[in-house]
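For reference, the structure discussed in these notes is given below.
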2 protein chains.
Amino acid sequence: MATIYDVAQRAQVSPATVSRVLNGRSSVDPDMATRVQEAVRELDYRPNSVARNLRRSRTTLWAVIISDVGNPFFTAMVRGVEDVGQRAGYSVVLCNSDEDPAKEAQYVTAALQDQMAGVIISSSGDPANVRRLIEAGTPVVAIDRQVSGANIDSVLVDNEHGAHMATEHLIEGGYHRIACITGPRKVSTAAQRLRGYQQALKAHGFGAPARLVRYSDYREEGGYAAMASLLDAGDPPDAVFAANNLMTVGALECLVDRGITVPAGIGVIGFDEIPWAHLVRPSLSTVSQPTYELGRTAAMLLAERITEPDRPPSTVTLQTTLKVRESSLRS
Amino acid sequence: MATIYDVAQRAQVSPATVSRVLNGRSSVDPDMATRVQEAVRELDYRPNSVARNLRRSRTTLWAVIISDVGNPFFTAMVRGVEDVGQRAGYSVVLCNSDEDPAKEAQYVTAALQDQMAGVIISSSGDPANVRRLIEAGTPVVAIDRQVSGANIDSVLVDNEHGAHMATEHLIEGGYHRIACITGPRKVSTAAQRLRGYQQALKAHGFGAPARLVRYSDYREEGGYAAMASLLDAGDPPDAVFAANNLMTVGALECLVDRGITVPAGIGVIGFDEIPWAHLVRPSLSTVSQPTYELGRTAAMLLAERITEPDRPPSTVTLQTTLKVRESSLRS
DNA sequence: GGATCATGGCGACCATCTACGACGTCGCGC
DNA sequence: GCGCGACGTCGTAGATGGTCGCCATGATCC
């Protein structure tokens, strides 16, 4: 691999001049510039980014810390980040935390050691990891989930409103014992979606008995178990609102196994889409999030923060939309 | 951020000794070692990996070049790579080529400039990109798709056999005008799956008329269009084998739009799973690939090649399995 | 007493960027 | 027309933060 010295020698100039031509920071004699350009082409020279990174003490890497790319929700998000990052000259490093703060901490450490240019994080709930990044001066954007006690750029959706819509929709469909399967207590979206559910019940004069609420883990197995637990308790629900896509699938599987028909036996609505939800029978009603747009927006915020570190942090809240399909329509 | 010099000063040793303690390459007096450890802890010192990378002239990054993480097939693969990479101390950089050789070339350039430790690639069909990596001495592993004319580590599946099974299954189910929607001509898996289909037809005394074959793009829209084209041609098929998951979904959507029932009107079988295929009605018959395992295996091969560059390249072929569900069972 | 071995420090090195200084040119003013 | 100052441009050299080869030193063993 050719170095800047090889180019300099061939173009009969100093390495500094080559650097100047390539980075355009200061003007150089057009003659020399063309000589340098030619030498670069002839040698197929590409600057060594590791050396450049060391000198500039920042890289062109972004860490994207999420719980699991396997979840289509995060997949689309990551794709949105990557598309924007790529255009802006950044590479995306994928970090699956599996909701484990310890694993998340490892990735944060790596981001710091590797001097990554920025981090986009869907926090597993422990604000300490984000705090470390802030203290080190690494630009951070929170995506999907808020980070408590940290005043940082955030891209969220109107979770409470979405959950409210979903619950209200079930109420209006004539369901009256509506259960909620929500996520881990430490995760902000789980709390917000639960609150939206509770407020919708209250607004319609229903009680919100704790017996109809299950805290679970945002996973398929958790959704299955929570559904089973709801069914096994006395006075089972006639509808269920599940706070994310995987738990919705888990709940559905439980209902299939028990031979309970949807929506006649139990109405089901989920938060966030599953791929090809329209092909599933009964087709699945959901609160749909603009996941790709979520990723794009976070990436744009991160890029801006890197170029303009002192800008006050902003929070962008994107809208959810209710997608009514068959699983929540009783008649 | 503390540097190695700060640690050295506090521990009353030379920077070299600190380095030795941290990397364990040569023995150090236990007394000094503990002094160093303490200083490291007190200063919360973390080696600057950029500097380390420059000196060692290699990083701890892997590029994973695929067409699209949005495709669940690749998602699971990437997850497999990441899990193994993370344990081995590598970070995974995500690269979506969208089947575009030019975009792929950009990522290859980035991998070279960033001195990445290795590349796992599902080639879009242009062997030139892989050749550049090989020439630069960057370890490469081909995943899912072969790279023609390159003798490199590869992890593949038995595409021909899988396609053969799928086609044979349709034949045995009584279908006799079986169409095939395959992928881009340049992609190895498309050719292999087509061949498996053709051989199965031949083995059972059927002709393999070109009128029943469509080359498409491995995307949903392409599958839709190919299905429409098959239906609009004279003498339409009574069954279809689609060579990947997205095209299968596209074909299904076309059939739904035309009001053709599956499997009564047309039998359908796809290659590779879609998530929650069992929830789709009719549930989808597929040739299932061990996608996560594919990623894991490729990652392990890459790790081995990095530590042992002169090992002869090996090709691992994983097995596909036929998952018979409702969409291919006529009666 | 000499050879061997373990171990620590010095300094070069990785490839690039950039502060600083030097040099040349041009313009303006006397 | 000459001198001085300002500005533009180029090269030298140092800095970035670790790693590692080489050499010196001291201890140990035969």
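Within every chain, numbering begins at 1; the chains are lettered A, B, ... in the order of the sequence lines, protein sequences first and strands thereafter.
Regarding B/M32, its CE atom lies at a distance of 5 Å from the P atom of C/dG8, rounded to whole Å. For the pair A/R56 CZ and D/dA15 P, the interatomic distance rounds to 20 Å; values are reported in whole Å. Between the CG atom of A/N23 and the P atom of C/dA15 there is a distance of 17 Å, given to the nearest Å. We find that CG of B/L22 is positioned 13 Å from C1' of D/dG17, with the value rounded to whole Å. Per the geometry, CG belonging to A/N48 stands 7 Å off P belonging to C/dA15, to the nearest Å. Note: CD (B/Q113) to C1' (C/dT16) measures 13 Å, nearest angstrom. One can place CG of B/D114 at 20 Å from P of C/dC14, the figure rounded to the nearest angstrom. Between A/I4 atom CD1 and C/dC14 atom P the separation is 15 Å, expressed in whole Å.
With respect to B/R41 and B/E38, no salt bridge is recorded, no charged nitrogen being found less than 4.0 Å from a carboxylate O.
Heavy atoms from other residues, nucleotides or ligands lying under 6.0 Å from CD of B/Q9 number 12 at most. Enclosure of atom CZ in B/R56 by more than 12 non-hydrogen atoms of other residues, nucleotides or ligands within 6.0 angstrom is indicated.
In this structure, a donor-acceptor pair under 3.5 Å is present between the side chains of A/Y292 and A/D83.
Where B/A16 and A/A16 meet DNA chain D, the nucleotide closest to each residue was compared, and A/A16 sits on the side nearer the 5' end. Along DNA chain C, the nucleotide nearest B/Q12 and the nucleotide nearest B/A51 are compared for position; the residue whose nucleotide lies closer to the 5' end is B/Q12.
Using a 4.0 Å heavy-atom criterion, one finds that A/S57 contacts no nucleic acid atom at all. Residue A/N53 is out of contact with every strand shown, counting any heavy-atom pair closer than 4.0 Å. B/V18 comes within 4.0 angstrom of nothing in the nucleic acid, heavy atoms only. If you check every strand for non-hydrogen atoms under 4.0 Å, A/P47 touches sugar and phosphate atoms only. Counting non-hydrogen atoms under 4.0 angstrom, A/V50 reaches nothing in the nucleic acid.
An OP1 or OP2 oxygen of C/dA15 is reached within less than 4.0 angstrom by no side-chain nitrogen or oxygen of A/Y45. A close approach under 4.0 Å does not occur between any side-chain nitrogen or oxygen of B/R55 and OP1 or OP2 of C/dC13.
Of the listed nucleotides (D/dG17, D/dC10, C/dT16), C/dT16 has the atom at the smallest distance from the side chain of A/R52. Ranking C/dG9, D/dG18, C/dG8 by closeness to the B/S14 side chain, first place goes to C/dG9.
On a pure distance criterion of 3.5 Å, a polar donor-acceptor pair joins the side chain of A/R20 and the base of D/dG11.
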Item to complete: Would you please test A/R79 and A/T291 for side chain to side chain donor-acceptor pair (under 3.5 Å) and show each step?
Response: CA-CA 9 Å; A/R79 183 66 218 247; A/T291 47; over 6 Å; no
